[in-house]
Amino acid sequence: MNNSKSSSALSTPRFCNTGTFMRMPRMNDVDNPDFVIFGIPFDTASSYRSGARFGPSGIRSISAMMKPNNVIMGVNILEELKGADYGDVNVTPGYILPTYDAIERELQPIVDAGIIPIGLGGDHSVTLAEMRAVAKKYGPLSMVHFDSHADINDEVFGQKYNHGTPFRRSIEEGIVDPSRSIQIGMRGSLYDPNEHRIAEDELGYRLIPAHKVFDMGFDAVVKEIKDRVGNHPVFLTFDIDFVDPAYAPGTGTPEVGGFTSRETLSLLRALKDLNFVAFDVVEVAPAYDHGEITSYMAANICFEYISMLALKKKERTL
Ligand code: MN
Ligand code: MN
């Protein structure tokens, strides 16, 4: 297949020619794509269940189900945008520093070319390296972070780089501006009862835990995200454990009391006006999944990302 469109399931069955996201062409076959999907199959930094190394292949496999029209957003992603699948970053299992180097090295030319990267994790440690590459082009980023965990530990198992530490490191490295960033959906039992307070008072983030999201209502939360971020370049990072394990069981550290798939998708759609420069979805562990529902949720999250980009393009050209 040597064009910029996915093949239509009306002419070729969607279980044929799988292996790329939505059966999109490989990156080498597309000139100047608007966005690329790339996998980061690394799960060495998981603190409990590993298996997110199979996240990218799980998400790509079920993404064959996706069709190009986002009816609610009123946009056909393949008519507005050229997309491609980069394949996977050449990670080093068991070794986080060489993996970080590989992520930065492989992502940088994509980002520098003005292409929007959409990363498929991998555990959440990978986001730090993605952010390094993205911040090199755009400067300190706004982070919109959906997760049931704040991921702001200083160390886990005595290690600075772990899936529980990236959003403290990102501030230390100056690649995220906490005053323009927000964390949403945190919940579950904690070692440090002050963790959410630390995120706000010591690190300078705004953090809205899950129970407060339900108290405030979704419209108020969306307004707070928009006010916080403004028109600043945004990295949206989505840990699949934001979604309730009833809807997304295939993940390393699930927390009950979360969000439905419908609530999640409408939250994302409401952010369509933000100035997104990068996205990822992380922590999908297919071995703990049932009926591929977690992978399918992640594929749909990516579809909403792409739809937001497509809508912007459409509105620009109208
Ligand atoms: Mn996380
Ligand atoms: Mn998490």
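If you're wondering where the values come from, they're calculated on a predicted model, not measured in any experiment. Whatever order the structure lists ligands and atoms in, that order sets their numbers, starting from 1.
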Side chains of Asp151 and His149: donor-acceptor distance under 3.5 Å anywhere?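 Absent: no donor and acceptor within the cut-off.
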
What's the atom name of the N, O or S in Asp239 nearest to the Mn ion (ligand 2)?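 Relative to the Mn ion (ligand 2), the closest nitrogen, oxygen or sulfur of Asp239 carries the name OD2.
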
Can you name the N, O or S atom of His149 that is closest to the Mn ion (ligand 2)?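 Checking each N, O and S atom of His149, the shortest distance to the Mn ion (ligand 2) belongs to ND1.
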
Answer yes or no as to whether an N/O/S atom of Asp151 is found below 2.8 Å from the Mn ion (ligand 1).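 Given the 2.8 Å cut-off, Asp151 counts as a ligand of the Mn ion (ligand 1).
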
Just wondering, is there an N, O or S atom on His124 that's nearer than 2.8 Å to the Mn ion (ligand 1)?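 It does; at least one qualifying atom falls short of 2.8 Å.
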
Identify whether NZ of Lys or CZ of Arg in Arg53 sits under 6.0 Å from the centre of the six-membered ring of Phe42 and within 45° of that ring's axis.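 Relative to the ring axis of Phe42, which defines the angle, Arg53 lies outside at least one limit.
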
Has the side chain of Thr165 got a donor or acceptor atom that lies under 3.5 Å from a matching backbone atom of Asn162?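 Looks like yes, one N/O pair under 3.5 Å.
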
If you stand at the Mn ion (ligand 2) and look out to OD1 of Asp147 and OD2 of Asp241, what angle do those two lines make, to 10°?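 It is 130°, given to the nearest 10°.
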
Any side-chain heavy atom of Ile240 within less than 4.5 Å of one from Ile301?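 In short, these two side chains touch, coming nearer than 4.5 Å.
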
Would a single hydrophobic cluster contain both Met216 and Tyr205, if residues Ile, Leu, Val, Met, Phe, Trp and Tyr are joined by side-chain heavy-atom contacts under 4.5 Å?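 No, no single cluster joins them.
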
